[in-house]
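Written below as structure tokens is the structure these notes are about.
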Amino acid sequence: MIFIAVRFTARPDQADRWLDLVDDFTRATRAEPGNLFFDWSRSVDDPNVFVLLEAFADAEAGAAHVASPHFTAGLAAMAGAIATTPEIINVEVPQQGWGAMAELSPTAP
């Protein structure tokens, strides 16, 4: 699996509309056959910072994503709303999707 984490810092005047701004991009990416997940989070420390966790089944699926029209459109939409160049982690991981955490499980109420 190709695992990608991207940290975006939105301009303060764009932060509250960020998820609306990326909605079409998010929906289109989640519909890609090779997409395993595409999840946004907002920082609890800085409301202008958003983190995207995404994964693709393999390098081919990742390449198809980057070559898609919605990827190009998504980057164009975000370019006018970011305050800094995003930071990225992109690695190949020997699993498909999320696995259970071994160190923690729920206890009885």
Q. Which pairs, with at least one residue in residues 61-83 and sequence neighbours excluded, count as a side-chain hydrogen bond (donor to acceptor under 3.5 Å, both in side chains)?
A.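 The answer is Glu32-His65, Glu32-His70, Ser68-His70.
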Q: Only pairs at least two apart or in different chains count here, so list each side-chain hydrogen bond (donor to acceptor under 3.5 Å, both in side chains) that has a residue in residues 41-64.
A: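 Found Asp16-Arg42.
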Q. For the residue pair Gln96 and Ala57, what are the closest heavy atoms and their distance?
A.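 Here Gln96 and Ala57 meet closest at NE2-O, 3.1 Å.
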Q: State, to 0.1 Å, how close Ala15 and Pro47 come at their nearest heavy-atom pair, and which atoms those are.
A: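 So the two residues come closest at CB-O, 3.7 Å.
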Q: Give me the other members of the hydrophobic cluster that Val91 sits in, counting Ile, Leu, Val, Met, Phe, Trp and Tyr linked by side-chain heavy atoms under 4.5 Å, directly or via other members.
A: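 Members alongside Val91: Met1, Phe3, Leu36, Phe37, Val51, Leu53, Ile89, Val93, Trp98.
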Q | Members besides Phe50 in its Ile/Leu/Val/Met/Phe/Trp/Tyr cluster (side-chain heavy atoms under 4.5 Å) | A |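 Its cluster mates, by chain and number, are Ile2, Ile4, Val6, Phe8, Trp18, Leu19, Leu21, Val22, Phe25, Phe38, Trp40, Leu52, Phe56, Val66, Phe71, Leu75, Met78, Ile82, Ile88.
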(Q) List the residues meeting side-chain hydrogen bond (donor to acceptor under 3.5 Å, both in side chains) with Arg30, not counting sequence neighbours, and say none if there are none. (A)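 Listed in chain order: nothing, the list is empty.
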Q | Other residues, nucleotides, ligands: >12 heavy atoms within 6.0 Å of Glu92 CD | A |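 Open.
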**Q.** Residues which pass side chain to side chain contact (heavy atoms under 4.5 Å, CB included) with Ala83, listed by chain and number, not counting sequence neighbours
**A.**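 Ala83 satisfies side chain to side chain contact (heavy atoms under 4.5 Å, CB included) with Thr9, Arg11 once adjacent residues are dropped.
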